[in-house]
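Hydrogens, waters and symmetry mates play no part in the numbers below; they use all other heavy atoms, side chains included. Letters A, B, ... mirror the listed sequences (proteins, then strands); counts begin at 1.
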Number of protein chains: 2
Amino acid sequence: MEFSEWYSDILEKAEIYDVRYPIKGCGVYLPYGFKIRRYTFEIIRNLLDESGHDEALFPMLIPEDLLAKEAEHIKGFEDEVYWVTHGGKTQLDVKLALRPTSETPIYYMMKLWVKVHTDLPIKIYQIVNTFRYETKHTRPLIRLREIMTFKEAHTAHSTKEEAENQVKEAISIYKKFFDTLGIPYLISKRPEWDKFPGAEYTMAFDTIFPDGRTMQIATVHNLGQNFSKTFEIIFETPTGDKDYAYQTCYGISDRVIASIIAIHGDEKGLILPPIVAPIQVVIVPLIFKGKEDIVMEKAKEIYEKLKGKFRVHIDDRDIRPGRKFNDWEIKGVPLRIEVGPKDIENKKITLFRRDTMEKFQVDETQLMEVVEKTLNNIMENIKNRAWEKFENFITILEDINPDEIKNILSEKRGVILVPFKEEIYNEELEEKVEATILGETEYKGNKYIAIAKTY
Amino acid sequence: MEFSEWYSDILEKAEIYDVRYPIKGCGVYLPYGFKIRRYTFEIIRNLLDESGHDEALFPMLIPEDLLAKEAEHIKGFEDEVYWVTHGGKTQLDVKLALRPTSETPIYYMMKLWVKVHTDLPIKIYQIVNTFRYETKHTRPLIRLREIMTFKEAHTAHSTKEEAENQVKEAISIYKKFFDTLGIPYLISKRPEWDKFPGAEYTMAFDTIFPDGRTMQIATVHNLGQNFSKTFEIIFETPTGDKDYAYQTCYGISDRVIASIIAIHGDEKGLILPPIVAPIQVVIVPLIFKGKEDIVMEKAKEIYEKLKGKFRVHIDDRDIRPGRKFNDWEIKGVPLRIEVGPKDIENKKITLFRRDTMEKFQVDETQLMEVVEKTLNNIMENIKNRAWEKFENFITILEDINPDEIKNILSEKRGVILVPFKEEIYNEELEEKVEATILGETEYKGNKYIAIAKTY
């Protein structure tokens, strides 16, 4: 099955996201999908909290003059901003934008908060919905008109060096985040012509989807003093001078959910990393006539044993076990426990791993230990498998050869790395190879230009 | 100090919410305020999850024709809906509303999900921002143009009885919620002319603010089949007939945060219920020359002991202890521990309760136990105190006397209860008493009409 077909199919069958809302690019996170989202963003929230970031919440509406204040920034967004023009039947004096991103509201407030160097650093984040009037083809959780989940962090510092270090911290946080989810990535410095509107430079994380196209899954921007000059975020330095704050910002969106689905899934359905699986262990009682009671009793006993430590569910629906197996395989539950009369007699428990589709038995007494070990094992395995596929998608060439590149990108696809040379690193190269330059990247110790077909 | 002045002042000084954003009725949840919000909504989230509700997330934009589908509903909202008319420079074919509430998007989807009676009940909720183009005077966290936090639950059932029971369940969940926060309430059935647009009837929770005006803090609506008929949410009954779903919905907003602040606070600042306090225990080292090390060491020792169980913070800023005390009193930290050289010598610890402003000493060995007990005690105490003030605000009259009512409502204020009589229960009564009829209510076993000045 072709990837994009598989992807739409799985969103529906695993009950992740319903696309049938009557606005293009807007849909519904269903309860099962919502839980994946919740556990996933809980990971990044913890990483940010631990590293001294504060969560806050800023307004969704931005007055036109505020959004337009930074010239580069507004140029980058004006074609895709939704505008509110009326309240009730009244025409508004000033048009209001639905935030496409929140630099302008946040930096307007930062000006009010920053007076002296001791007010800095500020490290703040919010998890909100943002909006883009996409004219391109929309795709669920990948290219949305309502980005339902945007985790955006914004920082301000008193020195350039501190802002540089903040970029490094952000990259290291995002690495931990994607490593926790087993999502492989290539980090590159985006070319000048593709950086964030208003930034000094942009660092980006790209992963590779099963169809060989790259997906930008995170960005980290060093904003220098561009925004602080525009928004007058001025502080008194230790020596009594005035300076503008040095800023960074970095974001992650619903695309991380799309990546969890796409990167780990297989032809049978989802394979969820245990850490974000709404159900980590599903118990399926195998009911045989006359044995109903002892089977259900044992199922409940196992449930009680596991529930303090794992997210566990008993499937007691009145349908064939085969259908239950299938449902939970589609939904990517990492581990299944089958409870049948024979096993009960032998004091054994049958387990099934979704990632390898293997069945195996353990002694009842070892259950807790084995479940924990197996879940860790599943995580390791799906992470390694994902990185292996990722590495296989990378082709290193010794020099630029447009025809060869076009060829690889239409057959094998993935990312092509060519040794970095200043003289070829320009926008024309994109035309020559009919693909996107992701940017400069380090790969196994060498510096390359990364080229790919992107989402 | 007058209440509304106190309220604005405390929002600023305790760093809850910054009103200086350049759109009326839109502001910023600051980190400290955000944490209160987060812990508060975590309580309701748990209560809903435990009672079989599923969290989901629906689009923020609503096409005009969808919003206008239910006639009563749109009439109730059309004057205060924000309209998006443009995407970039393109005028949209269909205007899009910013959700004022989500009946229409959610019920559009429910139609797609419901086919047979076994698809019911559906009990779903989301926590989102909603928008009202308020023409009235706005107030932070009370009357906003962007309601930053709206927890709305929506249910569909196969029988009228089940929907009735759902209303009861919702009321009992909200009781538990407000009880956990120590917020007193009067529950009443809103009069016909004040029910939710499109509902059969509306049950509401009102609390009383320190200025004697009531504040609606939660509503529960029985929607009957009004919306299901409009949105064609049709199911096959067990007997093979077709019927329309029976629906309810119920909501809670940022007003609960305003209530926590207003109900429990005093002239010194906030008094936070420990369960939602971002810092439950603050440790203030009392530094004396030559004793710096032993004091800081002991402070850290206490911190390490408490941190597994409580949200604890050491204030090691280089400022006078008196200023620290003041800061944390304003921010409503329930319990303060003062660590000084003398106490260390005597193996004692000095504690300070924010609610009673009492200082007392305990043996070091009893610390954990006393902290836990005192926090529970503080919760009990502020809850009882709040209910006492609330009861004092209630005046029971034997009959309607407009002058007397006007008099009470301009002097003592609060809520007036008059024995329920069908013949006086109408909109004209509101004009006569120059106040709002909250509705029919039961109070200590009797049925009354509740009258008040409202927010």
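Contact annotation for B:L66: only side-chain heavy atoms (C-beta onward) come within less than 4.5 Å of a heavy atom of chain A. Interface remark: B:M60 contributes backbone and side-chain atoms alike to the contact with chain A (heavy atom separation under 4.5 Å). Heavy atoms of A:L96 lying under 4.5 Å from chain B belong exclusively to its side chain. When heavy atoms are compared at a cutoff of 4.5 Å, B:I23 approaches chain A solely by way of its side chain, counted from C-beta outward. For B:L92, the part sitting under 4.5 Å from any heavy atom of chain A is the side chain, from C-beta outward, and nothing else.
The candidate with the highest count of non-hydrogen atom pairs below 4.5 Å against chain A, out of B:G27, B:P31, B:P59, is B:P59. Among the candidates A:L112, A:L30, A:I106, A:V94, the residue making the largest number of heavy-atom pairs closer than 4.5 Å to chain B is A:L112. Considering only heavy-atom pairs separated by less than 4.5 Å from chain A, the leading option among B:P63, B:P105, B:P22, B:C26 is B:P22.
Between B:V84 and A:L98 the shortest side-chain heavy-atom distance falls below 4.5 Å.
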Scan the chain A/chain B interface and emit each donor-acceptor pair under 3.5 angstrom with its distance.
residue: A:D18; atom: OD2; partner: B:W113; partner atom: NE1; Å: 2.9
residue: A:Y21; atom: OH; partner: B:L61; partner atom: O; Å: 2.8
residue: A:Y29; atom: N; partner: B:L57; partner atom: O; Å: 2.9
residue: A:Y29; atom: O; partner: B:L57; partner atom: N; Å: 3.1
residue: A:R38; atom: NH1; partner: B:E55; partner atom: OE1; Å: 3.3
residue: A:E55; atom: OE1; partner: B:R38; partner atom: NH1; Å: 3.3
residue: A:L57; atom: N; partner: B:Y29; partner atom: O; Å: 3.2
residue: A:L57; atom: O; partner: B:Y29; partner atom: N; Å: 2.9
residue: A:M60; atom: N; partner: B:E146; partner atom: OE1; Å: 2.8
residue: A:L61; atom: O; partner: B:Y21; partner atom: OH; Å: 2.8
residue: A:V81; atom: O; partner: B:G88; partner atom: N; Å: 2.6
residue: A:W83; atom: N; partner: B:H86; partner atom: O; Å: 2.8
residue: A:W83; atom: O; partner: B:T85; partner atom: N; Å: 3.1
residue: A:T85; atom: N; partner: B:W83; partner atom: O; Å: 3.1
residue: A:T85; atom: OG1; partner: B:T85; partner atom: OG1; Å: 2.8
residue: A:H86; atom: O; partner: B:W83; partner atom: N; Å: 2.8
residue: A:G88; atom: N; partner: B:V81; partner atom: O; Å: 2.6
residue: A:W113; atom: NE1; partner: B:D18; partner atom: OD2; Å: 2.9
residue: A:E146; atom: OE1; partner: B:M60; partner atom: N; Å: 2.8

